[in-house]
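Input: a single structure, listed below in structure tokens.
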Amino acid sequence: MQIKKGIPVSPGIAIADALVIDAHDKPVLRRTVLPNRVAAEVDRLKKAIAQSINEIGDLRKQTAAALGEKMADIFSVHARLLADKSLVDQLIQAVQTERVTAEYAVYSTLQAQAQSLLQSDNEYLRERARDFRDVERRVLSHLTGGQDVGLATLDRPAIIFAHDLTPSQTAALDKSRIVALATDAGGRTSHTAILAHALGIPAIVGLEDITSRVNTGDTVIIDGNRGQVVIEPDAAVLMDFRQQQRRQASFVQTLGELRDLPAVTKDGHKIALYANIEFPSEIMAAVENGATAVGLYRTEFQFLASDHEPSEEEQYEQFVEAIRRLKGKPLTIRTLDLGADKISDSLETVKPHAEPNPFLGCRSIRLCLQNLNLFKTQLRAILRASAEGPVRIMFPLISHVMELRQARMILADVREDLDDAGLAYDNKIPVGMMVEVPSAALQAKTFAREVDFFSIGTNDLIQYTVAVDRSNERIASLYSAAHPAVLTLIREVIKAAKRTDIEVSLCGEMASQPEYTILLLGLGLRSFSITPPAIPEIKKIIRSVKLSDCVKVAKKVSTFDSDREVLNYLRDQVSKVIPEVFDGRSIGN
């Protein structure tokens, strides 16, 4: 029996036979062609590109039907790459000037592009290198008539192991038979992570050499809660994990029964459960899981998924679609949260800017305040959409009072423009802000007098408070929501909101993690904005506790001086209420 640890990106336990896919690139040898064959070689290249674009279009439609628009949008990126005139010209020029085969032109050019992205310090850019490699494989397959091996329809449930899974490979897999995924490479934003979430199956990435340790046919356990792969487990371990699986399955079934029940504590306190979304298409799943509103609509993903800067009308239409899907439930729209850490080639009105430290640079509200046309266009779209149903506006990464006041002044200007144009909008639209930097948390009392609501963004608040890049796996252990300093800031923000009588919610990953639910209730939080799949589990905990007991837990936590103490205590408290929540998550310690 072997145990290998990686990065858990989708929770759950799976037990099945392994299917190892060879996803390594195979080198293409440099071969030249005679001068009188160059034109024919260019024709072969153009034909392969056209075939690839058509194939990608079909694949996009199939993926949208099976996994939704979000996953399918990956293939839109691939189609745009192959339709990029500058890239196509570069490939043709390589054939014409170097007199190499079309295969080598494709291989050498796209490999160079991918390698360049892999050298970036930006995790998002490093992940995009896989798009170039996927496109490269596709065009080469049309030039050579080859096909990927190991992607045929499975005849039994299997756990897929690969060096890395490209979008094309994931789309070709038999989703009905895949019970888990594991890869050598990849991070929390990899395509494997996206696919696993879409399928709702356990997944672990960043395992380094798992494909050399596992053979097709091996019995394997994937523990997506702790990021463990157990290869050829002995009888005792296998029995233990099978028991965990049964308990988890029973627990999940009980969670489904909670959908239409209110989130109310045992002593009668109502708690609001909102959803975090990126596209309107996610709203149905959010409502089905029990969301009573959308607490965070990340508008930047419309830009990231588009090949051009979305116009006012395009943004308006997407906002209206979301409002109509919610059928009267409120929609909280966060204004554009882009910067050098989230690259969008679609931004036509913003000059490209490379920054040595994008997390401390021109991003989010700072980017918008320096690009007023971009900002006003989005605000106009949001205000116009507010005439269709309940909408709230939220500004991200506010660190100074003057930033908030300037943003509100621009919003007032846009309102005047709409008044002059005779366009309808909600003139009482609530305006709030994200609290995600220590300066905003420490000045929460001041900010609370200037907004209608707070939303605590713990993902950024943690990294700014403890000085840890949340995407850096080397120091991942230092990134903790349980750090006493982080908890102190959250407590003060909630207190400031309560004193000023404004709503405060928490929309970071911390709100979706069950170990923190009792603590957050005890700190005074009454609104959670979380990922849709996590809503039933959080609701189960809320309905199983008394608020008076949660307050006692919060007071006890305030006496601890390390995140380890905090986490151990909180997990113990949740386990006392619902043992199934952490069933098996401590295996292997």
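Please read all numbers here as calculations on a predicted model, not as lab measurements. Just so you know, these numbers use all the heavy atoms, side chains as well, and skip hydrogens, waters and symmetry mates.
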Problem set entry | Distance-only donor-acceptor check, side chains Thr299 and Gln378, under 3.5 Å | yes
Exercise. With a 4.5 Å heavy-atom cut-off, do Glu492 and Lys495 have their side chains touching?
Worked result: yes
For this session: Check whether any side-chain heavy atom of Thr332 sits under 4.5 Å from a side-chain heavy atom of Val294, and report yes or no.
Result: no
For this session: Test side-chain contact (heavy atoms from CB on, under 4.5 Å) on Leu489 and Val435 and set out the steps.
Result: CA-CA 10 Å; Leu489 291 177; Val435 179; over 6 Å; no
Exercise. Can you check whether Leu397 reaches Met434 side chain to side chain, under 4.5 Å on heavy atoms?
Worked result: no
For this session: Decide yes or no on side-chain contact (heavy atoms from CB on, under 4.5 Å) for Tyr297 and Phe279, but give the supporting numbers first.
Result: CA-CA 8 Å; Tyr297 180 3; Phe279 297 98; 5.8 Å; no
Exercise. For Thr531 and Asn276, does a side-chain donor sit closer than 3.5 Å to a side-chain acceptor?
Worked result: no
Exercise. How long is the gap from CZ on Arg324 to CD1 on Ile283, to the nearest 0.5 Å?
Worked result: 12.5 Å
Exercise. When the ring centroid of Tyr274 is compared with that of Phe528, is the distance short of 6.0 Å?
Worked result: no
For this session: Is it possible for you to check whether Arg384 lies under 6.0 Å from the centre of the six-membered ring of Tyr425, through NZ or CZ, and within 45° of that ring's axis?
Result: no
Exercise. Looking only at side chains, do Tyr516 and Glu509 share a donor and an acceptor under 3.5 Å apart?
Worked result: no
Exercise. Can you tell if the side chain of Leu423 reaches within under 4.5 Å of the side chain of Leu383, non-hydrogen atoms only?
Worked result: no
Exercise. Are more than 12 heavy atoms from other residues, nucleotides or ligands located less than 6.0 Å from atom NE2 of His269?
Worked result: yes
Exercise. Hey, does Ser480 have a side-chain heavy atom less than 4.5 Å from the side chain of Arg564?
Worked result: no
Exercise. Can His308 and Glu314 be counted as having a side-chain donor-acceptor contact under 3.5 angstrom?
Worked result: yes
Problem set entry | Sub-4.5 Å side-chain heavy-atom contact between Lys552 and Lys556 | no
For this session: Please say whether more than 12 non-hydrogen atoms of neighbouring residues, nucleotides or ligands are located less than 6.0 Å from CG in Asp501.
Result: no
Exercise. Nearest 0.5 Å, what's the CD1-CD distance between Ile398 and Glu450?
Worked result: 10.5 Å
Exercise. Checking side chain to side chain donor-acceptor pair (under 3.5 Å) against Glu503, which of Arg526, Arg392, Lys498 comes through?
Worked result: Arg392
